[in-house]
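Structure first, commentary second.
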Amino acid sequence: MLRKKDLLGLKDLSKEELERILAHAAEMKSAFVARESLDNLKGKCVATLFYENSTRTKNSFETAARLLGARTISISVATSSVKKGESLIDTGRTLDALLTDVIVIRHSMAGTPALLAKNVRASVVNAGDGMNEHPTQSLLDLFTMKEKFGTIKGLKVVMVGDVRHSRVARSNLWALGKLGAETAIVAPYTLIPKGIEELGCEVYTDFEDAAAGANVVMGLRIQLERQKIGLFPSISEYGEHFAVTEEKLAEICPDALVMHPGPVNRGVEITSGVVDGESSLINEQVTNGVAVRMAVMDFLAGGER
Ligand code: CP
């Protein structure tokens with residue numbers, strides 16, 4: 001059983017806890033696709049508090065909360081009292097006073113969800129903190145892989161692109177290793193963070209070397225908004241070596257399935273043909289995100305607690 005107040009990252013979750021969440025997400029997916037509403041969070045309140053933009057994660061959590069019968073509060077930082085100078089902790093305490101049970105937070109600074117969690121009664125779920133972790137994105141990636149391949153153990157998963165700025169890559173490396181997958185990252189030297197191999201992955205700067213024999217190729221978004229300096233010479237040069245294209249997949253790993261956390265920069269880190277092609281799992285990832293978030297919130301505040 002998962003007996004925690006918060007979900008701040010996957011670094012500290014055990015293999016058994018990861019497997020328990022994935023199993024419960026499968027039950028939740030059955031209800032979601034059957035368009036059933038559940039009452040696991042009836043009488044509870046889920047708040048989304050996003051200091052960074054989001055389409056998938058925010059709407060996925062809000063959909064999941066409503067499907068579980070919760071009332072929802074959506075704080076858009078741009079129009080909230082944060083703009084009048086209210087601190088993070090005071091915002092959190094205001095949500096506690098509104099009898100919120102789960103706060104889902106995204107922030108550009110690593111560690112912000114952990115700080116909030118120490119100061120509020122509500123359970124806190126990290127929806128992405130800086131370059132640290134994005135645990136529910138990784139859980140939905142794991143769920144999608146398990147659904148497609150039956151198991152994660154023994155899969156070869158290659159992540160290509162802006163690993164340096166990617167919280168998705170970090171959460172996936174923590175979790176995939178625990179579940180027995182072989183992992184590799186491939187990027188230009190400037191986008192490979194120091195010490196990343198300590199998370200158990202092979203490190204490459206050549207796509208062909210990295211992707212040979214891959215079961216999953218995961219494209220990572222080029223996060224131009226987090227790059228203070230240019231970290232590669234030009235988009236076209238980056239694309240030539242690192243973009244996920246139909247040609248590279250056909251030549252190097254024709255059976256690989258393609259994932260991407262989104263949002264996608266079409267024509268930058270991945271071609272439109274791959275995004276919309278038969279090997280793409282990108283839309284399934286979005287659907288599975290709702291099931292995984294239903295499972296996580298049920299563990300933290302609902303009937304599975
Ligand atoms: N994958 C992801 O976090 O997407 P959003 O930024 O749209 O939430």
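We use all heavy atoms of the structure for the numbers below, so side chains are in, but hydrogens, waters and symmetry mates are not. Remember, it's 1-based here, ligands and their atoms both numbered in the order they're listed. All residue numbers in this chain count up from 1 along the given sequence.
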So, applying side-chain contact (heavy atoms from CB on, under 4.5 Å) with Leu10, which one of Leu18, Thr136, Leu173 is it?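 Of all the options given, the one that passes is Leu18.
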
| request: State whether the number of non-hydrogen atoms from other residues, nucleotides or ligands found under 6.0 Å of Glu278 atom CD is greater than 12. | output: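 Result for CD/Glu278: open.
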
May I have the N/O to N/O pairs between ligand 1 and the protein that fall below 3.5 Å, each with atom names and distance to one decimal?
unit_1: ligand 1; atom_1: 1 (N); unit_2: Gln137; atom_2: OE1; d: 3.1
unit_1: ligand 1; atom_1: 1 (N); unit_2: Pro261; atom_2: O; d: 2.8
unit_1: ligand 1; atom_1: 1 (N); unit_2: Gly262; atom_2: O; d: 3.1
unit_1: ligand 1; atom_1: 3 (O); unit_2: Thr57; atom_2: OG1; d: 3.0
unit_1: ligand 1; atom_1: 3 (O); unit_2: Arg106; atom_2: NH2; d: 2.8
unit_1: ligand 1; atom_1: 3 (O); unit_2: His134; atom_2: NE2; d: 2.9
unit_1: ligand 1; atom_1: 4 (O); unit_2: Arg56; atom_2: NE; d: 3.1
unit_1: ligand 1; atom_1: 6 (O); unit_2: Arg106; atom_2: NH1; d: 2.9
unit_1: ligand 1; atom_1: 7 (O); unit_2: Thr55; atom_2: N; d: 2.9
unit_1: ligand 1; atom_1: 7 (O); unit_2: Arg56; atom_2: N; d: 2.9
unit_1: ligand 1; atom_1: 7 (O); unit_2: Arg56; atom_2: NE; d: 3.1
unit_1: ligand 1; atom_1: 7 (O); unit_2: Arg56; atom_2: NH2; d: 3.1
unit_1: ligand 1; atom_1: 8 (O); unit_2: Ser54; atom_2: OG; d: 2.6
unit_1: ligand 1; atom_1: 8 (O); unit_2: Thr57; atom_2: N; d: 3.0
unit_1: ligand 1; atom_1: 8 (O); unit_2: Thr57; atom_2: OG1; d: 2.6
unit_1: ligand 1; atom_1: 8 (O); unit_2: Arg106; atom_2: NH1; d: 3.4
unit_1: ligand 1; atom_1: 8 (O); unit_2: Arg106; atom_2: NH2; d: 3.3

In the hydrophobic clustering (ILVMFWY, side-chain contacts below 4.5 Å, transitive), which residues join Val82, or is it alone?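 ILVMFWY cluster around Val82 also holds Leu8, Leu49, Tyr51, Ile73, Ile75, Val77, Leu88, Ile89, Leu95, Leu98, Ile103, Ile105, Leu115, Leu116, Val120, Val124.
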
Exercise for review: Taking side-chain hydrogen bond (donor to acceptor under 3.5 Å, both in side chains) as the test, write out the residues that go with Arg266, two or more places apart.
Suggested key: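 Partners of Arg266 under the side-chain hydrogen bond (donor to acceptor under 3.5 Å, both in side chains) test: Ser272, Asp276.
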
Taking ring-ring contact (aromatic ring centres under 6.0 Å, His included) as the test, write out the residues that go with Phe143, two or more places apart.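 Listed in chain order: nothing, the list is empty.
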
Relative to Phe61, does Arg293 satisfy both conditions: NZ or CZ under 6.0 angstrom from the six-membered ring centre, and within 45 degrees of the ring's axis?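 Here Arg293 passes the 6.0 Å and 45° test against Phe61.
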
